[in-house]
**Student:** 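Just dropping this structure here.
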Amino acid sequence: MSQPKLSFQPKLSFQNVSRRFGEGDKSFLALDRLNLDIADGEFVTVVGPSGCGKSTAMNIAAGLMDVSDGKVLVDGRPVSGPGPERGVIFQQYALFPWLTVRQNVEFGLRIKGLPASERRRISDHFIGLVGLRDFADALPKTLSGGMKQRCAIARAYAVDPTMLLMDEPFGALDALTRVHMQDQLLDTWSRERRTVFFITHDVDEAVYLANRVIVMAARPGRLHKIIPVNLPAERNEDVRLSKEFTEIRNQVWHSVYHQKPQVEA
Amino acid sequence: MSQPKLSFQPKLSFQNVSRRFGEGDKSFLALDRLNLDIADGEFVTVVGPSGCGKSTAMNIAAGLMDVSDGKVLVDGRPVSGPGPERGVIFQQYALFPWLTVRQNVEFGLRIKGLPASERRRISDHFIGLVGLRDFADALPKTLSGGMKQRCAIARAYAVDPTMLLMDEPFGALDALTRVHMQDQLLDTWSRERRTVFFITHDVDEAVYLANRVIVMAARPGRLHKIIPVNLPAERNEDVRLSKEFTEIRNQVWHSVYHQKPQVEA
Amino acid sequence: APAVLSLGSPARAQAKPVRVGYIADYFGTSLTAVASDQGLWAKHGLEPELKVFTNGPIQVQALGAGSLDFGYVGPGALWLPASGKAKIVAMNALGLSDRVIAQAGFNSMADLKGKKVGVPESTSGDMLLRLALAKAGMQLSDVEVVKMDPSTVVSAFASKQIDGAGIWYPLVGVIKKTVPDLVEVAQSADFFPANSFPSAFVARNEVAAEDQDTVRKMIAVLKDANDFRAADVPRSVDITAKFLGVPADPLVTESKNGKYLTSAELAAATKDGTVAGWLKGLNEQFVAFGKLKDPLDPKDYYLGDLYAG
Amino acid sequence: MSAASSTVAASTGTLLSRVGPHLPGLALNALAFLVGLAIWWAITAAKLVVLPGPQEVFVRAIELAANGQLALDIFSSLKRVLTGFLLGAALAIPVGFLMGWYKIARALIEPYVQFFRMIPPLAVIPLAIVTMGIDEAPKIFVIFLASFLSCVVATYQGVISVDRTLINAARVLGASDRVIFPRVVIPASTPFILVGVRIGLGSAWATVVAAELIAAQSGLGFRMQQAQLYYDLPTIFVSLITIGVLGLLMDRLLQATERRLTSWQERAQ
Amino acid sequence: MSAASSTVAASTGTLLSRVGPHLPGLALNALAFLVGLAIWWAITAAKLVVLPGPQEVFVRAIELAANGQLALDIFSSLKRVLTGFLLGAALAIPVGFLMGWYKIARALIEPYVQFFRMIPPLAVIPLAIVTMGIDEAPKIFVIFLASFLSCVVATYQGVISVDRTLINAARVLGASDRVIFPRVVIPASTPFILVGVRIGLGSAWATVVAAELIAAQSGLGFRMQQAQLYYDLPTIFVSLITIGVLGLLMDRLLQATERRLTSWQERAQ
Ligand SMILES: Nc1ncnc2c1ncn2[C@@H]1O[C@H](COP(=O)(O)OP(=O)(O)OP(=O)(O)O)[C@@H](O)[C@H]1O
Ligand SMILES: Nc1ncnc2c1ncn2[C@@H]1O[C@H](COP(=O)(O)OP(=O)(O)OP(=O)(O)O)[C@@H](O)[C@H]1O
Ligand SMILES: [Mg+2]
Ligand SMILES: [Mg+2]
């Protein structure tokens with residue numbers, strides 16, 4: 001897999017972005033002068049210790065959170081709010097509890113104004129994709145944790161965004177389902193060259209999926225290191241078992257390990 | 001690490017436990033005749049595909065859910081409700097949003113009737129243990145996903161239960177924090193011989209922590225296989241890198257992989 | 001249940017529609033009921049739309065808002081026409097139903113000195129209490145006046161929370177059921193004819209000013225009905241009971257507490273100033289209550305010329 | 001439900017809670033009704049108060065039912081209450097939303113809502129007569145106002161309590177305010193709105209007496225006031241009990257609706 | 001807040017919302033007040049309705065304030081409303097909890113609560129007089145009842161809406177019902193309870209007129225009725241506005257409390 005051609009203008013650009021919560025003495029700097037350009041069609045994964053500002057950065061890119069300083073550009077224009085061209089999968093799923101799985105998945109399609117038959121076709125496809133066919137009419141409260149997460153994934157995929165912002169989207173999935181979902185995502189991504197901003201805690205996953213791995217550091221949350229992943233475009237079990245993979249994986253591990261642990265040993 | 005001495009009476013015993021949701025035609029069998037004995041002081045980990053009934057089994061053991069059939073015994077007595085001797089960490093954290101981190105951690109201690117100074121000592125200890133010292137007075141809504149999960153862990157540890165029921169407790173933690181939390185748990189567990197029922201999606205984690213790995217299967221949710229983990233009692237990086245570890249890991253992988261995938265390939 | 005009963009009358013085609021209010025007790029309904037029963041509306045070329053109310057002031061408000069043309073008010077509400085809010089077109093009956101009552105053991109106004117006396121403020125009950133106190137040579141401050149609304153008086157007296165009350169029939173009758181030994185220490189008849197409590201029919205100011213023809217027709221209807229009632233009170237009670245769809249018994253009791261003058265007598269009383277005297281007497285009371293500062297002269301709001309002419 | 005109720009039995013262990021689960025709700029309702037009736041009968045039979053007993057009221061109810069007056073009154077009042085209440089609730093939802101969502105609307109509308117909530121309906125009557133006459137309009141208006149003012153507070157609270165993550169989820173799917181209001185805010189605040197609607201229903205019925213002061217020709221509130229002229233307590237009681245029972249039935253309907261509308265909630269019971 | 005309001009501006013782009021964020025809330029409140037005053041002045045000055053204008057009412061207010069009557073009335077009514085309201089709200093919380101938590105309590109109590117909610121407070125007065133005399137007790141009782149009945153519905157709804165996972169979390173930490181009620185159910189249903197308390201406050205004020213029918217010798221409601229007998233509209237307006245303003249101030253206090261008590265919520269705004 002070759003690096004995607006970096007066009008002159010980045011798809012998503014963080015320019016000196018800071019975010020502070022609270023005011024005065026008790027204020028907390030969650031994100032400190034983040035500078036990051038993501039090319040159109042690029043797949044970046046983000047790793048870093050808990051609380052280092054990954055979700056904060058994603059919410060800012062989604063247009064759901066104001067910056068305290070700096071600016072965020074999408075296609076060169078400052079972000080003024082959320083939009084359906086930037087699909088988001090939230091860390092806490094955020095399903096609409098009063099809608100069934102199918103209605104959740106069709107929510108964005110209705111807003112787009114698609115006719116019922118078209119909505120049905122699309123939702124059928126994505127509900128099948130995440131393995132919830134038999135639960136299409138179930139309410140969120142009757143789903144297991146992993147099933148909720150899969151429903152959130154289907155909902156985000158269904159609106160067909162050009163950029164995907166994903167916050168630990170596979171965190172609640174079992175190993176097998178996770179691998180399948182990873183391969184599906186790579187498949188779509190490489191076919192349609194979506195831009196993906198993918199937060200994960202799984203270093204293997206980060207390396208397996210990415211063009212570049214962004215390593216963040218905490219207190220204050222900031223960019224620590226950017227590790228390019230020079231692996232074949234076609235990712236599969238062979239790649240996972242390759243020496244290069246292990247090398248990059250260890251490099252990422254190292255740059256995370258190198259950080260001072262937060263918990264007491 | 002030798003197998004814990006199996007006393008005559010298991011600590012936790014599922015006897016032919018079934019659980020059905022809904023009624024009539026639309027009913028769904030989430031758990032099908034589960035039989036499982038867990039010895040006093042044993043550490044079992046549970047893996048299995050999303051929606052296979054892991055959380056259901058745990059909620060039943062916690063006394064939070066009725067069985068549809070069969071029975072669950074703790075120390076030989078049928079479970080009639082929840083109790084503080086069985087600590088629970090929920091998949092969705094379930095923090096009290098109106099309490100600060102410290103108040104959440106002290107919730108169970110207050111119920112126990114501990115004096116303020118004692119509560120303070122204990123909560124200080126566990127808040128430090130999970131690395132939230134600087135966030136002791138923060139409300140849950142201001143915490144990141146991983147920080148919420150760590151708060152839930154501290155809250156469960158603080159009441160000092162003899163049995164721990166943990167539902168993907170480290171799922172939202174970054175790799176480094178996760179390793180630390182694993183080692184802490186093993187440390188406490190081996191020193192004090194707590195009984196632990198630990199649900200995870202991470203096969204490495206399952207093998208690294210357990211005396212036995214319980215593999216479950218879906219549709220209907222049921223016991224698939226029990227894999228004993230004959231590794232040294234002292235688990236460390238060496239164990240993780242040992243041939244035996246890899247073997248058992250592959251064995252667990254195999255028995256999960258062997259199952260039909262739910263999502264469309 | 002009340003409806004236009006003049007169906008099929010030949011005059012109906014040209015009949016003038018009027019909106020008339022009434023209150024659903026004997027005094028408030030009997031003339032309306034008789035007029036309807038006897039076809040008097042049609043006879044005088046009116047087509048009434050009858051509306052029932054529970055008190056006088058709301059009717060005056062409705063007159064003011066142009067929602068009603070004629071209404072019926074009791075003596076307690078006569079200060080409203082006296083302050084220019086409506087015109088009186090006809091006197092109805094003189095009420096004799098007010099009483100000052102006391103618990104057993106109190107036999108005169110003097111016995112009530114320093115006691116709790118409940119009274120609905122500025123009603124005919126209040127007026128009677130004041131008259132009775134004055135007659136006994138006492139001041140208002142000699143008793144402990146507790147202002148309360150009529151149904152509160154019933155509950156409070158029946159449960160012996162108050163020692164006396166200025167109140168009227170039929171409520172006195174209700175109280176008697178629980179407190180049979182109550183004493184009536186004063187009654188309206190004691191002050192007749194010097195002080196009378198007349199009820200009356202009123203008209204909207206604009207109607208009185210601009211549509212004298214309709215007012216004349218209305219007065220004609222009321223006069224006819226008045227004479228029918230004066231001639232045969234029991235019959236009018238039956239008609240009223242039927243009209244209201246209620247049992248006759250309470251109406252019979254009520255009817256016995258009134259004085260019914262014929263229209264001729266009323267016209268005479270109008271001419272010789274007796275009616276104006278009643279109204280002036282009431283106005284004095286209203287001023288004493290503080291309801292009115294400068295009441296109008298009766299001739300400015302009682303259309304006596306139309307009635308007597 | 002099971003978790004809670006089993007623990008109830010285990011932890012409190014009172015007679016009531018042990019008997020509880022075996023008696024169906026309706027039987028208990030009936031029991032409560034009979035106990036209430038017995039108490040009423042006892043205090044009136046003992047002449048403790050000057051109130052009519054159950055028999056007397058029952059006899060009057062039969063009379064009023066037989067001559068058709070009761071049916072007419074019920075019909076008249078029901079029409080007014082339903083119209084006023086439905087209009088009130090229907091308007092309260094968008095207004096509550098505006099107040100909860102747009103700061104400027106809140107600053108402009110809210111003081112008036114709060115102010116008029118404190119004003120007794122009786123006080124509004126003169127104004128209603130002056131502006132709307134004495135037909136149905138002012139009666140319905142008074143009822144409308146009472147239910148509107150209760151509902152709007154609850155809707156407002158519901159709107160400002162909506163979980164921010166759900167709003168965010170809708171926004172990133174492309175939802176504008178116009179979509180978010182009906183599709184996210186309303187469903188998410190349904191439990192609140194229903195509290196308001198139920199309290200509003202109570203206000204509507206409790207106001208019908210005041211409303212029917214305005215030249216009503218029939219209606220339960222009108223009948224009550226008329227009966228007050230003669231202090232006809234049995235009739236007053238028949239009207240009151242009819243109002244209570246009709247209100248209770250409508251409330252039951254609302255509760256059933258509510259259970260359907262909020263079945264997605266993960267509830268404690 | 002920021003997300004919502006910025007999108008408001010972006011998506012609707014009306015003049016109001018663009019002006020909105022720059023004007024502080026209080027200024028808008030004042031604006032709303034002035035607009036209301038202007039409308040009132042305009043319609044009375046144009047003699048569209050037979051109501052007193054602002055000047056007239058203001059003059060009367062000064063008179064009443066000068067002779068001490070207003071202060072006395074405020075004091076009398078405030079005492080009654082506060083006592084009745086606080087008692088009502090305080091009782092509603094445990095009763096709402098019982099109803100929401102124990103099926104048996106619900107089956108026994110709920111029909112009566114729903115029934116009495118529909119009954120106008122006026123109708124309760126005779127019973128209150130007979131049982132409690134004509135002093136302060138029955139007046140406070142009527143107000144108490146009105147606020148209790150509003151609050152209890154909201155508390156009940158709050159209790160049954162508590163997220164089950166929070167209850168479970170408390171149970172596994174060893175909490176009994178006795179602990180769960182004050183430490184989990186009450187905080188979790190605070191937003192609901194506060195809706196009830198706020199509506200209850202409205203009911204309390206709106207009922208003060210009915211309560212002061214019971215042989216009150218002073219009070220804003222009493223003054224209003226007295227003025228009604230004399231058709232003294234300026235005094236009626238002074239009483240009404242005083243009631244509205246006092247209620248509004250108390251409501252503001254409640255809202256401030258609410259914001260403190262529910263600051264843990266992740267709110268849409
Ligand atoms: N309240 C409920 N009503 C109906 N079905 C339910 C309910 N709770 C759980 N289920 C069903 O039971 C099955 C097992 O759920 P459970 O939560 O135990 O899965 P799990 O093994 O924990 O999965 P995961 O790894 O995704 O958390 C699922 O198919 C789910 O849809
Ligand atoms: N609303 C808020 N108020 C105050 N602090 C906040 C708020 N939201 C987030 N924070 C703080 O900002 C920091 C970064 O949070 P963020 O959610 O971005 O972390 P994260 O990198 O996503 O962590 P995790 O991997 O645990 O999800 C945390 O320390 C958190 O406490
Ligand atoms: Mg995060
Ligand atoms: Mg689970």
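Protein chains get the first letters and strands the later ones, always in sequence-line order, with residue 1 at the start of each. Every value quoted in this text rests on a predicted model; they were computed, and no experiment measured them.
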**Student:** Any side-chain heavy atom of B/Leu164 sitting closer than 4.5 Å to one from B/Tyr157?
**Tutor:** yes
**Student:** What part of A/Gln149 gets closer than 4.5 Å to chain B, counting heavy atoms only: side chain, backbone, both or neither?
**Tutor:** neither
**Student:** Tell me whether B/Asp124 is salt-bridged to B/Arg102, with the criterion being a basic N under 4.0 Å from an acidic carboxylate O.
**Tutor:** yes
**Student:** When heavy-atom pairs shorter than 4.5 Å are enumerated against chain A, which of B/Gly171, B/Ser144, B/Ser55 gives the highest number?
**Tutor:** B/Ser144
**Student:** With chain B, which of A/Val203, A/Leu173, A/Thr142 has the greatest number of heavy-atom pairs at distances under 4.5 Å?
**Tutor:** A/Leu173
**Student:** Under 30°, 30 to 60°, or over 60°: which ring-plane class applies to B/Phe197 and B/Phe14, parallel, tilted or perpendicular?
**Tutor:** tilted
**Student:** Does B/Arg155 make a cation-pi contact with B/Phe96, if we ask for NZ or CZ under 6.0 Å from the ring centre and within 45° of the axis?
**Tutor:** yes
**Student:** For A/Val179, which atoms come within 4.5 Å of any heavy atom of chain B: side chain, backbone, both, or neither?
**Tutor:** side chain
**Student:** With a 4.5 Å limit on heavy-atom distance, are the side chains of A/Thr200 and A/Phe170 in contact?
**Tutor:** no
**Student:** Please classify the contact between A/Lys148 and chain B as side chain, backbone, both or neither, with a heavy-atom cut-off of under 4.5 Å.
**Tutor:** side chain
